[in-house]
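Structure, as structure tokens:
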Amino acid sequence: MAKIWVNSADSHVLEPHDLWRDALPKRLADRAPRAERADGRETVYVDGQIIRRDPIAFSDAMRPPGAEDPRIRLEDLDEQGVWAEVVFPSRALWTTIMTDRELARECGKAYNDWCLSEVMGVSPRFVGVAVVSVLDTDDAVAELARAVSAGYRAVFLPATPPEGRDFNNEVWEPLWAAAAEADIPICFHIGTGAEQKVARGPGGAVINYVETFYPAQRTVAHLVASGVLDRYPGLRIVMAESGATFVPALADRMDEAYRQHDMFVRPKLSRRPSEIIYSQVYASFQHDPSAIGTATALGFRNVMWGSDYPHLEGTFPNTQKVLHELFDDVAQDVRRRITIDCFNEVFGVAEPPVTV
Ligand code: MZD
Ligand code: MN
């Protein structure tokens, strides 16, 4: 089968164990995210919180050598047919559940410096996302400016905001303004927040997996209904690993609410929620056939494919098989939009060597 070359809007890098120990003073490094293994399970400690006990087999299944070594990663990308990829953190995701402002700020900065030199510095095919504080907007704005001047073209936020800082809260306003001013997208990744295992017992694994995409829907609803995206029409947001098929349904529901509950709606928007969503909201998926129908039948064109390398939820090592199953019967312009042009529109042009 001919190789389908694509760009990917979602992947992860596994940070070295000693990243924060080498970068931060001991009083902070001791509280940075760290994983310990015992009795076949992995426990992650973050500033005194114990937040994850995954069977090691699960964690190890997400650690092909390319997860930690960008040069090996490039070999995997070439073999899988992925040209450029947005790279999210792994352990640094846990900065989003910290409660200490200084710790969150310094761990994020250390990650950003490491990713800039050790990942993005290896190849322009890696588009890193800068971790900014979710606890303090001034810290977040300062780190966004520092990261952008260093070469970052995107910032990361969790789809689950900290308690008391919902995304419709005006406390975030300076960050929205700064991202719009810098003309860089904000990438909200799912699976953040302190606990992903909300269900136990029969069906638990599937229920928990589905639960992780609700915060993405909530984030879009908050940022659109509160007028953030209306106030900054150039600001783009990306829902990473959330799937994309929910977006038109959410847009319809928000239009219905905006119209039928008009007497309660504030702020009034200059455009219908769906118009804002269809122009400024992007979302990535890995395997969903319904995501393509969303683009072709429902006209939501901000659908981005993502590999989620190296995670189990991703397509590695079967990316070409997945891409052929998804796109072999799809018009070339639609395939190109979903696998290359959307990425280029949001993250800057990265043209794969061969675009069939
Ligand atoms: C980033 C989040 C994603 C998820 C969570 C899982 C399935 C279960 O009694 P019990 O505790 O053993 O419960 C039994 C049960 C089978 C119900 C439960 O263990 O649901 N296990 C695996 O953890 N599912 C929902 S899926 O949260 C989005 C996708 C899987 C990888 C994921 C956990 C990653 C993410 C995301 O924040 C992280 C990270 C660094 O990589 C993995 C782990 C950790 C969390
Ligand atoms: Mn991901």
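One-based numbering, in listed order, for ligands and for the atoms of each. Computed from heavy atoms alone, side chains included, the values below leave out hydrogens, waters and symmetry copies. What you see is a predicted model, and the numbers here were worked out from it, not measured in a lab. Residues take their numbers from the sequence shown, with the count starting at 1.
Protein residues with a heavy atom closer than 4.0 Å to ligand 1 are Arg41, Arg52, Asp54, Phe58, Met62, Leu93, Trp94, Ile190, Gly191, Gln196, Lys197, Ala199, Arg200, Gly204, Ala205, Asn208, Tyr209, Thr212, His311, Glu313, listed by chain and number.
In this structure, Lys26 pairs ionically with Asp30, as a charged nitrogen and a carboxylate oxygen lie closer than 4.0 Å. Ion pairing of Asp138 with Arg105 is absent here, as no side-chain N (NZ or NE/NH1/NH2) approaches a carboxylate O to less than 4.0 Å. For Glu351 and Arg336, the salt-bridge test passes: some basic side-chain N is under 4.0 Å from an acidic carboxylate O. In this structure, Arg31 pairs ionically with Asp100, as a charged nitrogen and a carboxylate oxygen lie closer than 4.0 Å.
For the residue pair Tyr282 / Arg236, a side-chain donor-acceptor distance below 3.5 Å is found, with atom types taken as modelled. A donor-acceptor contact under 3.5 angstrom links the side chains of Asp255 and Ser274, judged on distance only.
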One pair to check against side chain to side chain donor-acceptor pair (under 3.5 Å): Gln80 and Tyr309. What are the steps and the verdict? CA-CA 10 Å; Gln80 297 285 300; Tyr309 178 99; over 6 Å; no
Could you walk me through whether Arg271 and Gln280 pass the side chain to side chain donor-acceptor pair (under 3.5 Å) test, one step at a time? CA-CA 12 Å; Arg271 293 167 284 160; Gln280 294 173 249; 2.8 Å; yes
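Under 2.8 Å from the Mn ion (ligand 2), one finds the following protein N/O/S atoms: Asp10 OD1, Asp10 OD2, His12 NE2, His189 NE2, Glu241 OE1, Asp308 OD1.
With respect to Glu42, the salt bridge (Lys or Arg N to Asp or Glu O under 4.0 Å) criterion is satisfied by exactly one of Arg91, Arg34, Arg63: Arg63.
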